[in-house]
Enquirer: 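Submitted below is the structure of interest, expressed as structure tokens.
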Protein chains: 2
Amino acid sequence: MRDVARLAGVGMKTVSRVINSEPNVSATTLARVEDAIARLNYEPDVHAGSLRRTGGLTRTIGLLVGSVANPFSGSIHRAVEDVATERGFAVFASSLDEDPSRERVAVSAFLQRRVDGLILTRIGPSQGYLLPEQQHGTPLVFVDRPAVGIDADTVVSDNVGGSALATRRLLDLGHRRIAFLGDRPDIWTMGQRRQGFLEELGRAGVSTNDAPVIDHLEDEVQTYRAATALLSGPHPPSAIFSSQNLITIGVIRALRDLGLQRRVALIGFDDVPMADLLEPGISVVAQDPEAIGAAAARHLFARLDGDEEPSHTTVIPTRFIERGSGEIAPVGG
Amino acid sequence: MRDVARLAGVGMKTVSRVINSEPNVSATTLARVEDAIARLNYEPDVHAGSLRRTGGLTRTIGLLVGSVANPFSGSIHRAVEDVATERGFAVFASSLDEDPSRERVAVSAFLQRRVDGLILTRIGPSQGYLLPEQQHGTPLVFVDRPAVGIDADTVVSDNVGGSALATRRLLDLGHRRIAFLGDRPDIWTMGQRRQGFLEELGRAGVSTNDAPVIDHLEDEVQTYRAATALLSGPHPPSAIFSSQNLITIGVIRALRDLGLQRRVALIGFDDVPMADLLEPGISVVAQDPEAIGAAAARHLFARLDGDEEPSHTTVIPTRFIERGSGEIAPVGG
DNA sequence: TTGAAAGCGCTAACAA
DNA sequence: TTGTTAGCGCTTTCAA
């Protein structure tokens with residue numbers, strides 16, 4: 001910056017004024033300074049600026065997601081980025097992999113880079129460690145799952161409602177023995193989906209005690225085995241509600257290999273790529289990650305703009321997509 | 001930091017030493033300082049530090065990709081992040097959407113935040129504007145496509161080789177009329193894939209003049225129309241090589257709707273999700289985005305570590321995945 | 001309309 | 001082993 005000032009033959013403060021589009025710079029001076037900036041390929045240092053500036057923003061936000069390689073996270077990321085870019089903010093992203101220790105490390109890395117706000121998918125059991133940061137004025141928005149031990153803005157999918165709706169569709173077709181296949185039950189979203197499923201069964205007067213509920217399915221292979229056993233067992237279900245992407249795929253494989261894909265109904269929570277090209281097409285309860293990301297970013301910037309309202313939870317609706325597999329009636333029913 | 005020093009009853013420099021794990025701090029002092037840091041929830045400011053530090057790194061890199069919502073980019077991002085995190089670096093990511101103006105804006109945003117290096121998928125016609133930055137010592141690595149107007153490390157897929165291999169497989173099955181369906185031909189990767197295709201035809205002595213080559217297919221719908229017209233026309237091909245994901249999906253739909261999915265062979269460049277669950281499974285030339293990202297990150301850090309070798313282009317091999325659609329022999333052949 | 005001096009949070013260089 | 005002073009690139013405050 002000193003070089004620019006020297007080349008333009010002005011004081012540093014004048015260069016500063018030009019960079020920040022402040023008033024009180026004559027047209028001639030402005031032109032000279034801009035010329036010097038271009039000639040020297042000068043890029044002002046955002047951080048050096050925010051050091052002294054009152055309320056000094058770095059125009060940077062941090063985003064913590066499951067994994068940037070995961071399409072759900074990617075869509076959230078993109079939506080956040082679009083809002084951020086529009087306001088001249090850059091986005092740091094970090095993957096957590098369901099590992100609580102990474103959450104702390106990543107938050108700390110962002111804080112040390114003085115992000116102006118944080119959007120995060122919590123992993124750890126409590127986010128109380130963020131209280132001082134929140135009191136200090138850093139806006140926090142939780143996505144996908146609510147935080148524990150801290151009160152902050154939150155954006156989640158309508159897990160309970162979406163699951164209940166899927167369950168209702170199966171019940172309406174006449175299914176009475178519907179299986180629920182779930183991931184680790186300690187993951188908040190899984191608990192919600194299971195709850196939506198069981199509540200809807202209850203409302204329909206179907207006993208929830210002997211409803212086949214299988215949990216702890218952590219990947220496609222485990223799911224395949226569990227689904228195969230279930231479907232070949234003494235009391236196979238006539239329909240399956242799978243609570244997550246990878247589980248849905250495992251179930252599809254199991255149904256295929258048993259030749260049951262047109263006899264047993266299947267609805268998955270979370271959309272599956274190419275689902276409409278499979279035979280039958282896979283009916284799903286789709287989430288709206290773009291809407292989640294956009295809502296989270298909007299909340300964050302509202303806080304940055306001075307919004308002092310009490311913290312707010314936004315529930316993003318899910319959408320049922322009919323493609324065939326969820327419209328199979330029970331055999332003989 | 002001053003507060004920490006005061007609370008611990010030491011000088012600022014001592015706190016600095018503790019933060020940076022420098023030697024010459026007694027165990028007692030260390031404990032007192034660490035206690036004060038914990039009590040005050042102090043997080044050192046990375047940027048303030050790098051301001052004065054000689055060679056001052058911000059331990060931050062910038063990544064420019066097509067879109068963070070795109071799985072190919074997501075995998076590259078993740079691989080880069082893994083290498084970066086291991087070294088205590090944070091990653092800025094930005095989506096370009098094939099828009100040259102966004103490239104400049106994003107690069108500038110990163111430079112103003114003083115990233116220590118840049119990994120980028122170029123979009124604009126020339127990256128000469130990065131020359132001053134490169135001379136200034138910022139390592140640059142281009143991924144997916146080589147840069148124009150600047151000499152820098154580059155990591156790309158083996159587009160020519162992968163396409164030639166796919167073409168050879170079709171030729172070996174007896175196909176002689178093979179169609180190439182491509183995206184915008186000005187995209188470097190498209191040109192390479194087309195070249196691999198045509199060269200292999202040439203090597204087999206098949207005339208490349210009347211080989212059906214259709215370009216400018218920018219989405220699924222355009223592809224569907226073009227493929228339908230081609231397959232219903234007077235001289236339909238017995239095999240199709242599609243040069244990209246979305247195009248492959250458009251072709252699958254067209255084949256399905258014409259009932260030709262088991263009569264016309266199809267090989268796609270780029271893997272397609274769930275491809276093995278389709279009927280027939282879709283054979284593809286798969287890229288390895290993780291390897292691309294990992295190689296790019298390794299090059300970047302090697303430069304940061306002082307590597308002064310001439311710039312180097314790494315070609316990441318592709319992998320042919322046989323799933324059925326590419327193993328269909330020509331009818332009557 | 002412009003610029004000089006002080007200071008943001010930190011580290012380099014040097015002294016104690 | 002520890003602390004002091006100057007200064008990184010910028011903005012503030014205030015004077016010209």
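Note on naming: letters A, B, ... go to the chains in the order of the sequence lines (proteins, then strands), and numbering restarts at 1 for each one.
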Enquirer: So which one's nearest nucleotide on DNA chain D is more toward 5', R17(B) or K13(A)?
Expert: R17(B)
Enquirer: Take the protein atom CZ of R52(A) and the nucleotide atom C1' of dC10(C), then report the distance between them rounded to whole Å.
Expert: 15 Å
Enquirer: Rounding to a whole Å, what distance do you find between E43(B):CD and dC10(C):P?
Expert: 11 Å
Enquirer: Would you say T14(A) places a side-chain N or O within less than 4.0 Å of OP1 or OP2 belonging to dT2(C)?
Expert: no
Enquirer: Taking only N and O in the side chain of S16(A), is any of them less than 4.0 Å away from OP1 or OP2 of dT12(D)?
Expert: no
Enquirer: Please find the pair of heavy atoms, one from P146(B) and one from R122(B), that lie closest to each other, and give the distance.
Expert: O-NH1, 2.9 Å
Enquirer: Could you tell me whether the side chain of R59(B) and the main chain of R87(B) form a donor-acceptor pair under 3.5 Å?
Expert: yes
Enquirer: Which part of the nucleic acid, if any, lies within reach of V15(B) when heavy atoms closer than 4.0 Å are counted: base, sugar-phosphate only, or nothing?
Expert: nothing
Enquirer: Which is it for N159(A) and T189(A) under the side chain to side chain donor-acceptor pair (under 3.5 Å) test, yes or no, and what are the steps along the way?
Expert: CA-CA 7 Å; N159(A) 291 286; T189(A) 49; 5.4 Å; no
Enquirer: Is the shortest side-chain N/O distance from S26(A) to OP1 or OP2 of dT2(C) below 4.0 Å?
Expert: yes
Enquirer: Could you please name the option among dC10(C), dT2(C), dG3(C) that lies closest to any side-chain atom of V10(A)?
Expert: dG3(C)
Enquirer: Figure out the CG/P separation between L57(B) and dT11(C), and round it to whole Å.
Expert: 13 Å
Enquirer: Tell me which nucleotide among dC10(D), dC10(C), dT12(D) gets nearest to the side chain of M12(B).
Expert: dC10(C)
Enquirer: Using atom CD of E22(B) as one end and atom C1' of dT1(D) as the other, report the distance to the nearest whole Å.
Expert: 13 Å
Enquirer: In whole angstrom, give the distance that lies between atom CD1 of I37(B) and atom C1' of dC10(C).
Expert: 13 Å
Enquirer: How long is the line joining CE of M1(B) and P of dC8(D), in whole Å?
Expert: 18 Å
Enquirer: Could you state the atom-to-atom distance from CZ of R113(A) to P of dG9(C) in whole Å?
Expert: 19 Å
Enquirer: Choose from dT2(D), dC10(C), dA12(C) the nucleotide whose nearest atom is closest to any side-chain atom of T29(B).
Expert: dT2(D)
Enquirer: What is the distance, rounded to the nearest whole Å, between atom CG of L51(A) and atom P of dA6(C)?
Expert: 18 Å
Enquirer: Check every strand shown and say whether S50(A) touches a base, only sugar-phosphate, or nothing at a heavy-atom separation below 4.0 Å.
Expert: nothing
Enquirer: Between the side chain of S75(A) and the main-chain N/O of E290(A), is any donor-acceptor distance below 3.5 Å?
Expert: no
Enquirer: Would you mind classifying the nucleic acid contact of N24(B) as base, sugar-phosphate or nothing, using non-hydrogen atoms under 4.0 angstrom?
Expert: base
Enquirer: Working to the nearest 0.5 Å, report the span between CD of Q112(A) and OG1 of T58(B).
Expert: 12.5 Å
Enquirer: Establish, with yes or no, whether the OP1 or OP2 oxygen of dT11(C) is under 4.0 angstrom from a side-chain nitrogen or oxygen of R53(B).
Expert: yes
Enquirer: Could you check whether P23(A) gets within reach of a base, just the sugar-phosphate, or nothing at all, counting any heavy atom under 4.0 Å?
Expert: nothing
